Number of protein chains: 2
Amino acid sequence: MQLHKRTLVAKATELLDSYGIADLTMRRLARELDVTPGALYWHFANKQQLLGAVADEILTPACAPPRHSDWPDRIAEVCARLRNALLSHTDGAELVSASFAAGQSAAITEVLGLLAAAAADAGLHPAQADLAARTIMHYVLGFTVDEQSRMQWDAAGALPEEQSVLDERSDPGAAFTFGLDLLTDGLSVRGGVRPLS
Amino acid sequence: MQLHKRTLVAKATELLDSYGIADLTMRRLARELDVTPGALYWHFANKQQLLGAVADEILTPACAPPRHSDWPDRIAEVCARLRNALLSHTDGAELVSASFAAGQSAAITEVLGLLAAAAADAGLHPAQADLAARTIMHYVLGFTVDEQSRMQWDAAGALPEEQSVLDERSDPGAAFTFGLDLLTDGLSVRGGVRPLS
DNA sequence: ACCTGAACACCGTTCAAGT
DNA sequence: ACCTGAACACCGTTCAAGT
């Protein structure tokens, strides 16, 4: 049976979910597909490109058109979807972060577009809106890489167990929202278009 | 002559500056020091730990006590020093970013402390100040990784050459300041302590 | 205490040659 | 067009044994 880009990406995503990014190697992927390592290079020029395709796969849910019309809600919605997408795959944040840095994912560019549009609605000039979008993206990726590495570290080791108060320190969701609100507040100051609240 | 941690770190930094992070391998470092790869593992438990020590070396200039007393100036000062430190070594941002994610650098913790103190002066509660510090750190690292990869990409290839206007799009320094101001504005909104201007 | 020798178990990538 | 075979040039880490 013939090999296709999509079967490659599907199996790669499966490997990622089961064993993590360290074990997502070209050789292992080839073995799992019962082909020679060289075969993969007919479909992808190199590993970076393959990882970019996996990043696109992971980010599909985050690319859907936002439901909210108010710009602060739209930013919150896109970022929440982004974080959820990253968290639903083992080492998802790390993989997407690497693909972002390498500029290998079309889906990341799409998400950046959604964020830039929201920033423009906040009143920023196009060039500033682009910068703001990248800033938000860096925040979400950085935060989620942190969060996920802690999660996976805790899942294997001993963790202090059950805090009584659910403040920003113990609840990652609250911490995420806090940092995002910091940026959103900054946007409304610089853009001049304040949120409805 | 005996091997010491500091000679190891010094040679590793030298390798980084000359050939980049991809060529900073344990085997190459050993070769350059005229020892067997195994010798390195007497001084460092693993590669991550060695890279953490290099990150500490890189970040030394960023750990100096800030000169400014006003909190927004202090944040700007620390972040500018941080960015400069990263930019003065090949792949410096990438290396420190990795050590941050791995939690292997004491110097990063120190810088986080400086930022958290400034955020507290802006009027945030301690837990919030810690989160704000991490948010700023994610921004600076993410931005500088981007900037540096573009720099090094341009240095080897063809670049469009000389924009006439020095706006945020063409001037990395202005873009950096813009994103940082976004966060600083957010801090003053949430903290209630507005900057002097 | 500090290092060597030698191995273990891998990597990404290329490319002539086959079908 | 698509894949195999086989190589090239490497990795990080471990550990008995030497000094």
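Here is how names work: the chains are called A, B, and so on, in the same order as the sequence lines, proteins then strands, and each is numbered from 1. All figures in this text were calculated on a predicted structure; none of them were measured in a lab.
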Rounded to whole Å, please give me the gap between [atom1] in [X] and [atom2] in [N].
X	N	atom1	atom2	answer
B:L33	C:dC2	CG	C1'	15 Å
B:R28	D:dT13	CZ	C1'	20 Å
B:D23	D:dC10	CG	P	10 Å
B:R31	D:dC11	CZ	C1'	11 Å
A:D34	D:dC3	CG	P	13 Å
A:L40	C:dC11	CG	C1'	13 Å
B:H43	C:dT4	NE2	C1'	13 Å
B:L8	C:dC3	CG	C1'	12 Å

Is [X] close enough to [N] that one of its side-chain N or O atoms is under 4.0 Å from OP1 or OP2 there?
X	N	result
B:H4	C:dC2	no
A:T25	C:dC11	yes
B:W42	C:dC2	yes

B:R74/B:D121 ion pair, N-O < 4.0 Å: yes

Residues A:R150, A:D146: salt bridge by 4.0 Å N-O rule: yes

B:Q2 or A:P37, whichever maps to the more 5' nucleotide of DNA chain C: B:Q2

B:G38 or A:L24, whichever maps to the more 5' nucleotide of DNA chain C: B:G38

DNA chain D: 5'-proximal contact among A:R27 and A:T36 (nearest heavy atom): A:T36

Any-strand Watson-Crick or G-U partner of D:dT13, both distances under 3.5 Å: C:dA7

Identity of whatever pairs with D:dT19 - Watson-Crick or G-U, under 3.5 angstrom: C:dA1

Aromatic plane relationship, B:Y139 with B:F176 - under 30° parallel, 30 to 60° tilted, over 60° perpendicular: parallel

Distance, P atom - from C:dA9 to D:dA9, rounded to whole angstrom: 24 Å

Under 3.5 Å side-chain donor-acceptor pair for A:Q104 and A:D56: no

Closest heavy-atom pair and its distance - B:G186, A:D185: CA-CB, 3.9 Å

Shortest side-chain distance from A:M26, nucleotide among C:dT13, D:dT13, D:dC11: C:dT13

